[in-house]
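Remarks on the structure that follows.
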Amino acid sequence: YINATDTSPDKCVIYTNMTGAWLANDSTLFSWSTNALNATPSLTLSSDLHILWNVSCNDTANNKGQYARNISLPVDTQAPNVRLLVPPNASVNTTSAVSLGYSVVDSDNVSACDIFTDVGGGGNWQINSTNSTDISEDVVDFQAITFADGTFKWNVRCNDTASNYAINNTNFTLTIDTGAPMIQWMNATGYKKGYDNFNWSTSNSITFYVNTTDNQADSCDIYTNASG
């Protein structure tokens, strides 16, 4: 945005160091004919840069003037690159306290990262943890959070000082299961109760029947002292 005043206005042009040298950008050359100028010329950069810029105006008598100092303008259009690292996707954790780890890389300074989860389901995402004080690029950041038993999705959103933001490309799933399976002895083929409360079988081929309950059931093993 440019504001200029003169009794005999003529032309203005913007100067930058975007090429490495302090040069006028001819695409921004414009004329003005009123005593007061309020203009918003545009300039397209080929890539993200941290540039200095100023404006030079002259009147019809070729008197020239420019702003008292150059203006610093960082241009950052790139969003951070966020990666979820630990626990791996589809992990099962047997403790309620979990350290969620991620890394972030950005061309500008990262200002904050938020860990989101959909604990409770229903597509209701919420922020569980925010880090805005100690973020090192491409270094794993661990945030310890306590969850109740259940399965949920999580992701991380980071933004830089230019307000560009991004999340990991996919959500990770994590299951918290802190309870041991409930096991109930049912029966065995040929099973009978003999004298002196010893159990015995009428066959040397025994099938055992048990009942077990668990949200994350996997496998069961039968232990005996059959080998001595």
Side-chain angles (χ1 to χ4, degrees), residues 1-86 100-116 125-143 154-171:
Y1 177 79
I2 298 171
N3 174 269
T5 57
D6 194 270
T7 55
S8 303
D10 187 15
K11 293 180 174 63
C12 289
V13 67
I14 291 177
Y15 281 78
T16 75
N17 66 343
M18 58 184 291
T19 63
W22 189 252
L23 298 172
N25 295 94
D26 293 338
S27 62
T28 65
L29 180 66
F30 57 95
S31 300
W32 54 306
S33 57
T34 59
N35 291 347
L37 169 70
N38 293 287
T40 55
S42 62
L43 181 65
T44 301
L45 303 181
S46 59
S47 61
D48 288 2
L49 296 169
H50 193 146
I51 67 171
L52 296 174
W53 72 281
N54 207 328
V55 60
S56 176
C57 296
N58 65 274
D59 58 20
T60 55
N62 205 32
N63 297 307
K64 295 182 178 181
Q66 67 179 33
Y67 189 58
R69 60 183 176 84
N70 299 328
I71 304 300
S72 176
L73 177 63
V75 179
D76 179 13
T77 63
Q78 301 299 312
N81 180 19
V82 182
R83 293 184 301 157
L84 305 184
L85 300 176
V86 291
L100 302 180
Y102 62 92
S103 70
V104 56
V105 177
D106 189 70
S107 59
D108 203 350
N109 293 322
V110 179
S111 59
C113 289
D114 299 315
I115 294 178
F116 283 80
W125 288 80
Q126 61 185 5
I127 297 175
N128 288 89
S129 178
T130 297
N131 183 10
S132 58
T133 59
D134 185 21
I135 305 174
S136 299
E137 287 198 5
D138 209 23
V139 175
V140 180
D141 180 45
F142 291 96
Q143 297 292 308
W154 68 282
N155 209 325
V156 174
R157 181 184 67 187
C158 296
N159 62 274
D160 59 24
T161 52
S163 297
N164 301 307
Y165 68 90
I167 62 174
N168 190 66
N169 291 334
T170 58
N171 301 321

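Sequential numbering from 1 along the given sequence is applied to the chain's residues. Every value quoted in this text rests on a predicted model; they were computed, and no experiment measured them.
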* To do: Nearest 0.5 Å please: distance from the CG atom of Leu43 over to the CG atom of Asn25.
  => 5.0 Å

* Asked: In chain order, what residues pass the side-chain contact (heavy atoms from CB on, under 4.5 Å) check against Thr130, with sequence neighbours excluded?
  -> Asp114, Ile127

* **Any Asn54 side-chain heavy atom under 4.5 Å of Trp22 side chain** => yes

* Asked: What closest approach, in Å, do Cys158 and Pro80 show between heavy atoms, and which atom pair accounts for it?
  -> O-CG, 3.7 Å

* To do: Would you list the pairs meeting disulfide (SG to SG under 2.5 Å) in which at least one residue belongs to residues 22-51, sequence neighbours left out?
  => none

* To do: Using a 4.5 Å cut-off on heavy atoms from C-beta on, say whether the side chain of Cys113 contacts that of Asp141.
  => no

* Before giving the answer on side-chain hydrogen bond (donor to acceptor under 3.5 Å, both in side chains), spell out for Ser56 and Gln66 the whole-Å C-alpha distance, their side-chain angles and the decisive distance to 0.1 Å. => CA-CA 4 Å; Ser56 176; Gln66 67 179 33; 5.0 Å; no

* Verify, without hydrogens or angle tests, whether Asp59 (side chain) and Asn62 (backbone) share a donor-acceptor contact under 3.5 angstrom. => yes

* To do: Using atom types as modelled and distance alone, determine if a side-chain donor or acceptor of Ser31 lies under 3.5 Å from a backbone N or O of Lys11.
  => no

* Does the side chain of Val156 come within less than 4.5 Å of Val104's, by heavy atoms? -> no

* Test item: Thr16 and Ile14 side chains (from C-beta on) under 4.5 Å apart, heavy atoms -> yes

Would you tabulate the side-chain donor-acceptor contacts of residues 161-168 under 3.5 Å, counting partners in other chains and residues two or more places apart, or write 'none'?
unit_1	atom_1	unit_2	atom_2	d
Thr161	OG1	Asp108	OD1	3.3
Thr161	OG1	Asp108	OD2	3.0
Asn164	ND2	Asp76	O	2.8
Asn164	ND2	Gln78	O	3.4
Asn164	ND2	Asp160	OD2	3.4
Asn168	OD1	Leu84	N	3.4
Asn168	ND2	Thr170	O	2.8

* Residues two or more places apart in sequence or in another chain: which of them pass side-chain contact (heavy atoms from CB on, under 4.5 Å) with Leu73? -> Ile51, Trp53, Val75

* Asked: Do the non-hydrogen side-chain atoms of Tyr102 and Asn131 ever get within less than 4.5 Å of each other?
  -> yes

* Taking the side chain as every heavy atom from C-beta outward, state whether Arg157 and Asn159 have any atom pair closer than 4.5 Å. => no

* Can you tell me which residue pairs pass the disulfide (SG to SG under 2.5 Å) test with a partner in residues 31-71, sequence neighbours excluded? => Cys12-Cys57

* Looking at Thr60 and Pro9, what are the two nearest heavy atoms and their distance? -> CG2-O, 3.6 Å

* Structure fact -> Asp6 meets the side chain to side chain donor-acceptor pair (under 3.5 Å) criterion, sequence neighbours left out, with none

* To do: Evaluate the side-chain proximity of Phe116 to Asn171: yes if any heavy-atom separation is below 4.5 Å, no if none is.
  => no

* To do: Could you check Met18 against Leu52 for side-chain contact (heavy atoms from CB on, under 4.5 Å), going step by step and ending with a plain yes or no?
  => CA-CA 8 Å; Met18 58 184 291; Leu52 296 174; over 6 Å; no

* Does the side chain of Leu100 reach to within under 4.5 Å of the side chain of Trp154, using non-hydrogen atoms? -> yes

